[in-house]
Amino acid sequence: MESTSPSNFLHAIIARDLASGRVSEVVTRFPPEPNGYLHVGHAKSICLNFGLAQAFGGRCNLRFDDTNPGKESPEYVASIQEDVRWLGFEWSGPVRYASAYFQQFYDWAVHLVEQGHAYVCDLDAEQAREYRGTLTQPGRNSPCRERPVRENLDLLARMKAGEFDDGSRVLRAKIDMASPNMNLRDPILYRIRKLAHHQTGSDWCIYPTYDFAHGQEDAIEGITHSICTLEFEDHRPLYDWLLEHLPVPSRPRQYEFGRLNLNYTVTSKRKLGQLVDEGVVDGWDDPRLPTISGMRRRGFTPRAIRRFCDMIGVTRSDGVVDVAMLEHAIRDDLNENAPRAMCVLRPLKVVLTDYPADRTDWLTAPNHPTRAELGQRTLPFTRELYIDADDFREAASKKFKRLVLGKRVRLRNACVIEADEVVMGGDGAVAEVRAHTIADTIGKDPADGSKPRGVIHWVSATGGRRARVRLYDRLFHHQAPDRGENDFMALVNPDSLQLVSDAWIEPSLAEALPEQNFQFEREGYFVADRYEHSAEAPVFNRTIGLRDTWNDGP
RNA sequence: UGGGGUGUCGCCAAGCGGCAAGGCACCGGGUUUUGAUCCCGGCAUUCGGAGGUUCGAAUCCUCCCACCCCAGCCA
């Protein structure tokens, strides 16, 4: 796989650390909590962590930060691994789990207590909040703060033994209740949760907090550069404090970067989960969601997502990336690599009156306009064809470069035809167009030197196949559905999915493999559905439309 | 009104004292059996603002302004 890893400030830091000998090898990690599916924001982190390790010949671990059993599940640990692999990355060694280090964390907690750096606190959640003070006022010491070491040790052991109820006691670090950094006001290290854990079962009833776990996990695994998002910057002093006060095997350092924000979309596990739970979308892998599995089902390729991550860069400023950049990344990849094919979304019958009903010509068409190595396929050409209803008008201005009554148009990969008359249906709409072919125009212009201004796609009515096509649109029309006062659930686009049950495809398309990408010429990029597509009942999802700069006329 | 951050084109982003890369978007023009692609051209005398240092500043100093994060026994 190509290892693009464009330079950024982290790249520079690592290069410097390697050059100075501060570290001899770079070791990073991607540390998701298995409490939801990965989304495009995680893709940025994955590309960053794995990409940096790759760029410097180091290693990158996949580690589940599973310290809160109440929110986690095995379904997520499975999907996360699948998504990371699908994106094209392989972690170093086995999958790691914070939960595998629980005993070590506990021993270290005991160590902290013995050194007088931690104590068991009896304040309940509400009292703890009061004692913590506010952003502008210092907190007050807990009445338990000066508890003797011996008593703390006893209480901690009993917390572990399950003698106390959830929430009744916690273990806290003894740092500084007056610190302007809230994270240093005697942060909680352990809480009681009488809950089974998806990895450790009922072994524990006390679980470490993120702060008491993350740095130590990094130290145990020999992580050299622990990369996280900006909101953890205030936690860095605590991260360092714990490492300094514990006999850890290595000294990782934390660095922060700005998380990805995309306009017109929501990227937060909580909100994505709400859309899934309330049935607004069909599941975590709904093609309208910016989840990795959703984008996969939509037809995005790992390469396009990686390319997108390279395009947006990595900095410490938090901005909002225009989805147009994501759309460009996928169009760019698919334009280069997707085979072309023809599909009519709104079939309008065209009868070629000068063409025998019992005749079929098999025309060959290249699978790609510039890459001959992608081969060609054959198309059945018959008396009855379907073209898209939008590609015909009884009358139109010169700007309309498609089929018009009495005028000519080129059928893509086939001949030129001229529309003679229209047959109206009972509903007053055009039901059929009757036309005739212009002799000897396959692969060449008409003998009279005229050149049709337009080219439209078509599919044989008798040789083609019916298909179901799903046309996706943005889930939100609002640029910032979850910003400020906005209730993102109320801003969902009710027409984000349009089901087309009678699209018409050229026969070769029925043989498509699930997840195969195509460009349906003049329409956009589509993918055979990962789960529902079959030769008997073809199903395609529109990944993204073609760029369209045509300003519609009259 | 505490602490921690960030401010370079509509968006992302290079730049680190020597005179504003690149990408996306957009606007022209050319090619084209996809109104796609491709090609060519345009797009910041200016770097949040005001002072200062310097021959010279987006880059150094001072003050100011705006925005983001922190008061979960979430991560």
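Just so we're on the same page: letters track the sequence lines, and every chain starts at 1.
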Could you write out each protein N or O paired with an N or O of nucleotides 65-71 of chain B at a distance under 3.5 Å?
from, atom 1, to, atom 2, distance (Å)
B/rC68, O2', A/Asp318, OD2, 3.4
B/rA71, O2', A/Arg132, NE, 3.4

Between the protein and nucleotides 41-43 of chain B, list every N/O to N/O distance that falls short of 3.5 Å.
none

Restricting both atoms to N or O, compile the protein contacts to nucleotides 22-27 of chain B shorter than 3.5 Å, with distance only.
from, atom 1, to, atom 2, distance (Å)
B/rC24, OP1, A/His328, NE2, 3.1

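Backbone-only engagement by A/Gly319 is indicated by non-hydrogen atom pairs under 4.0 Å involving sugar-phosphate atoms exclusively. A/Leu123 comes within contact range of at least one nucleobase, with a heavy-atom separation under 4.0 Å. When heavy atoms are screened at a 4.0 angstrom cut-off, A/Ile188 is found touching base atoms of the nucleic acid. Across all strands, A/Arg185 comes closer than 4.0 Å to no nucleic acid atom at all (heavy-atom distances). Residue A/Leu184 is classed as having no contact, given no heavy-atom separation below 4.0 Å to the nucleic acid. Looking at heavy-atom distances under 4.0 Å, A/Asn35 makes no contact with the nucleic acid at all. Residue-level contact check: A/Val320 touches the backbone only, with heavy atoms under 4.0 Å from sugar-phosphate atoms and none from bases. Among the atoms of the strands shown, none is found under 4.0 Å from any heavy atom of A/Ala128. Within the nucleic acid shown, A/Gly443 comes within 4.0 Å of at least one base atom, counting heavy atoms only.
Looking at residues two or more places apart in sequence or on another chain, you find no side chain to side chain donor-acceptor pair (under 3.5 Å) involving A/Arg16. Every side-chain contact (heavy atoms from CB on, under 4.5 Å) that A/Arg371 has, sequence neighbours left out, goes to A/Glu336, A/Asn337, A/His368, A/Glu373, A/Leu374. For A/Gln216, the side chain to side chain donor-acceptor pair (under 3.5 Å) criterion is met by no residue, not counting sequence neighbours. Annotation: side chain to side chain donor-acceptor pair (under 3.5 Å) contacts of A/Ser142 (sequence neighbours excluded): none. In this structure A/Thr267 satisfies the side-chain contact (heavy atoms from CB on, under 4.5 Å) test together with A/His39, A/Val40, A/Thr265, A/Pro290, sequence neighbours excluded. Every side chain to side chain donor-acceptor pair (under 3.5 Å) that A/Ser508 has, sequence neighbours left out, goes to A/Glu506.
Rounded to the nearest Å, the gap between the P atom of B/rA57 and that of B/rG28 is 38 Å. Nucleotides B/rC9 and B/rG49 are separated by 10 Å at their P atoms, to the nearest Å. Distance noted for atom C1' between B/rG4 and B/rC39: 49 Å (whole Å). Between the P atoms of B/rG42 and B/rG23, the separation comes to 13 Å (whole Å). B/rA20 and B/rG52: their C1' atoms are spaced 23 Å apart (whole Å). On the C1' atoms, B/rG72 is 39 Å away from B/rA14, given to the nearest whole Å. Spacing between B/rG18 and B/rA58 at atom C1', rounded to whole Å, works out to 13 Å. Across the P atoms, B/rC26 and B/rG17 are found 37 Å apart, a figure rounded to whole Å.
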Donor-acceptor pairs under 3.5 angstrom involving side-chain atoms of residues 176-184 of chain A: please list them, not counting sequence neighbours.
from, atom 1, to, atom 2, distance (Å)
A/Asp176, OD1, A/Ala178, N, 2.8
A/Ser179, OG, A/Asn181, N, 3.0
A/Ser179, OG, A/Asn181, O, 3.2
A/Asn181, OD1, A/Asn183, N, 2.9
A/Asn181, OD1, A/Asn183, ND2, 3.1
A/Asn181, ND2, A/Asp234, O, 2.9
A/Asn183, ND2, A/Asp234, O, 3.0

Pairs of donor and acceptor atoms involving the side chains of residues 161-171 of chain A, under 3.5 Å and at least two apart or interchain, shall be tabulated with distances.
from, atom 1, to, atom 2, distance (Å)
A/Glu163, OE1, A/Arg158, NE, 2.7
A/Glu163, OE1, A/Arg158, NH2, 3.3
A/Asp166, OD1, A/Lys194, N, 2.9
A/Asp166, OD2, A/Lys194, N, 3.4
A/Ser168, OG, A/Asp165, N, 3.4
A/Ser168, OG, A/Asp165, O, 2.6
A/Arg169, NH1, A/Asp122, OD1, 2.9
A/Arg169, NH1, A/Asp122, OD2, 3.3

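Nearest nucleotide to the A/Arg191 side chain, out of B/rG4, B/rC74, B/rU34: B/rC74. Distance from the side chain of A/Lys71 is smallest for B/rC74 among the nucleotides B/rG5, B/rC74, B/rG35.
For A/Arg259, the CZ atom is loosely surrounded, since the number of other residues' heavy atoms within 6.0 Å does not exceed 12. Residue A/Arg253 qualifies as open at atom CZ: its count of foreign heavy atoms under 6.0 Å is 12 or below. Counting heavy-atom neighbours within 6.0 Å of A/Arg483 CZ, excluding the residue itself, gives a total of 12 or less. Around NZ of A/Lys407, the count of heavy atoms belonging to other residues, nucleotides or ligands within 6.0 Å does not exceed 12.
Side-chain contact between A/Arg331 and A/Asn335 is absent, with no heavy-atom pair separated by less than 4.5 Å.
Annotation: cation-pi pair A/Lys269/A/Tyr37 absent, no NZ/CZ under 6.0 Å from the ring centroid and within 45° of its normal. A cation-pi arrangement is not found for A/Arg193 relative to A/Tyr207, the charged atom failing to lie both closer than 6.0 Å to the ring centre and inside a 45° cone about the ring normal.
Residue-to-nucleotide proximity on RNA chain B shows that, of A/Asp332 and A/Lys451, the 5′-proximal contact is made by A/Lys451.
A close approach under 4.0 Å does occur between a side-chain nitrogen or oxygen of A/Thr315 and OP1 or OP2 of B/rA13. Contact annotation: A/Thr67 reaches the phosphate of B/rA75 (side-chain N/O to OP1 or OP2, under 4.0 Å).
Scanning residues 517-527 of chain A for heavy-atom distances under 4.0 Å to RNA chain B yields A/Gln519, A/Glu521, A/Arg522.
Going from atom CZ of A/Phe64 over to atom C1' of B/rC74 covers 18 Å, rounded to whole Å. Look at CE on A/Met177: it is 18 Å from P on B/rG3, rounded to the nearest Å. Atom pair A/Arg316:CZ and B/rC12:P shows a separation of 17 Å (rounding to whole Å applied).
Nucleotide B/rA66 has B/rU6 as its partner under the Watson-Crick or G-U criteria, with both atom distances under 3.5 Å. As the counterpart of B/rC26, B/rG42 is assigned, both hydrogen-bonding distances of the Watson-Crick or G-U wobble pattern falling under 3.5 Å.
A/His235 and A/Asp211 share a side-chain donor-acceptor pair at under 3.5 Å.
Applying the 90° criterion around 0 to the glycosidic angle, B/rG72 comes out syn.
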